[in-house]
Amino acid sequence: MQQIALDIGLSAGPTVANFFAGPNEAALKHLELWIGAKSGAHNRSPVPTYFWGPEGSGKSHLLKAAREGLREQGARVGWMDATVLEPAEFDEAWAAVLMDDVQLYTAEQQHMAFNWFVNAQTHQRPVLAAGELAPIELKLRDDLRTRLGWGHIYGLQLLSEPERRSVLRQAADARGVFLSDEVMDFMLKRFSRDLGSLMELLELMDGYALQTQRAITIPMIKAMLDNQ
């Protein structure tokens, strides 16, 4: 059965609170401490952090959660991912530099990422980065790859299916929602298996069920998708 990517107007963005760590607890704890530094970037360690792992393991979620956490503190950050085709010059007002999907960077993006890295070190600003491969395996320019690999490195793992089911079940119970095994099978087979996406799907289903006064069933989910 073909898997359907979930892209139907999700509400809540990635945060530390809605990251379900599973085997990635160490990475989450590190980020919680990092975001929790108060009174600006000068109290935050300038040692870089690199998260790596397969798609759906949560590395982009953690970077976006860091960006949101700093914004809530009134801080500005430099952000680059593969879609940022013309990255801005480094800004000394940035509290941190965040670089996602580094394995996809073009030569120009790699040049700017290295520039950001050098300036961040000069101005004692921390760098958070993420990619699908361990630093040593990245097909990037040597000076950038070396810098990505010298700080804190966390390899992230996908949650197992039993772990995803357990988290979904707990989240549904907390909402007072009953998810049958049939519905959960449908969610895991037909939608993105990324847990963050599944949790937001659960939120959408709960809201639609309340609006339509229907129980959460496969026909209800199909009707919800038809109305998106």
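Fair warning: this is a prediction, and the values are worked out from it, not measured in the lab.
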Common cluster, [X]/[Y], ILVMFWY with side-chain heavy-atom separation under 4.5 Å:
| X | Y | answer |
| --- | --- | --- |
| L198 | I216 | yes |
| L98 | V118 | no |
| L158 | V167 | no |
| W150 | V127 | yes |
| W79 | F114 | no |

From [X] atom [atom1] to [Y] atom [atom2], the distance as rounded to the nearest 0.5 Å:
| X | Y | atom1 | atom2 | answer |
| --- | --- | --- | --- | --- |
| H30 | I35 | NE2 | CD1 | 10.0 Å |
| R165 | L159 | CZ | CG | 13.5 Å |
| F117 | Q110 | CZ | CD | 13.0 Å |
| T15 | H61 | OG1 | NE2 | 5.5 Å |
| L148 | T49 | CG | OG1 | 11.0 Å |
| R145 | I136 | CZ | CD1 | 8.0 Å |

Aromatic plane relationship, [Y] with [X] - under 30° parallel, 30 to 60° tilted, over 60° perpendicular:
| X | Y | value |
| --- | --- | --- |
| W116 | W94 | perpendicular |
| F191 | F186 | perpendicular |
| F90 | H123 | parallel |

Could you tell me whether a side-chain N or O of [X] sits under 3.5 Å from a main-chain N or O of [Y], the two making a donor and an acceptor?
| X | Y | value |
| --- | --- | --- |
| H152 | Y50 | no |
| N119 | D91 | no |
| S166 | P162 | no |
| Q124 | Q121 | yes |
| Y105 | M80 | yes |
| K59 | F51 | no |

| request: Please assess M112 against E86 for the test side-chain contact (heavy atoms from CB on, under 4.5 Å), listing each intermediate value before the final yes or no. | output: CA-CA 9 Å; M112 190 57 74; E86 296 183 0; over 6 Å; no
State, yes or no, whether a side-chain contact exists between [X] and [Y] at a heavy-atom distance under 4.5 Å.
| X | Y | answer |
| --- | --- | --- |
| F19 | L31 | no |
| D181 | R169 | yes |
| L128 | V77 | no |
| K139 | L133 | no |

| field | Criterion side-chain contact (heavy atoms from CB on, under 4.5 Å) on D81 and M99, from CA distance to verdict | value | CA-CA 6 Å; D81 58 38; M99 299 185 291; over 6 Å; no
For a quick test of reading the model, state the closest non-hydrogen atom pair linking [X] to [Y] and the distance between them.
| X | Y | result |
| --- | --- | --- |
| D100 | S60 | OD2-OG, 2.7 Å |
| A134 | W52 | N-CE3, 3.4 Å |
| P48 | R147 | CG-O, 4.1 Å |
| W34 | A96 | CH2-CB, 3.8 Å |
| M205 | M220 | O-CE, 3.9 Å |
| P126 | A95 | CD-O, 3.3 Å |

| request: Tell me, with the steps shown, if L104 and Q109 meet side-chain contact (heavy atoms from CB on, under 4.5 Å). | output: CA-CA 9 Å; L104 299 176; Q109 289 169 327; over 6 Å; no
| field | L201 vs M224, side-chain contact (heavy atoms from CB on, under 4.5 Å): CA-CA, chis, key distance, verdict | value | CA-CA 11 Å; L201 173 61; M224 179 188 76; 3.9 Å; yes
| request: Count the heavy atoms of every other residue, nucleotide or ligand shown that sit under 6.0 Å from CD of Q103, and state whether that count exceeds 12. | output: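 Counting other residues, nucleotides and ligands, CD of Q103 exceeds 12 neighbours.
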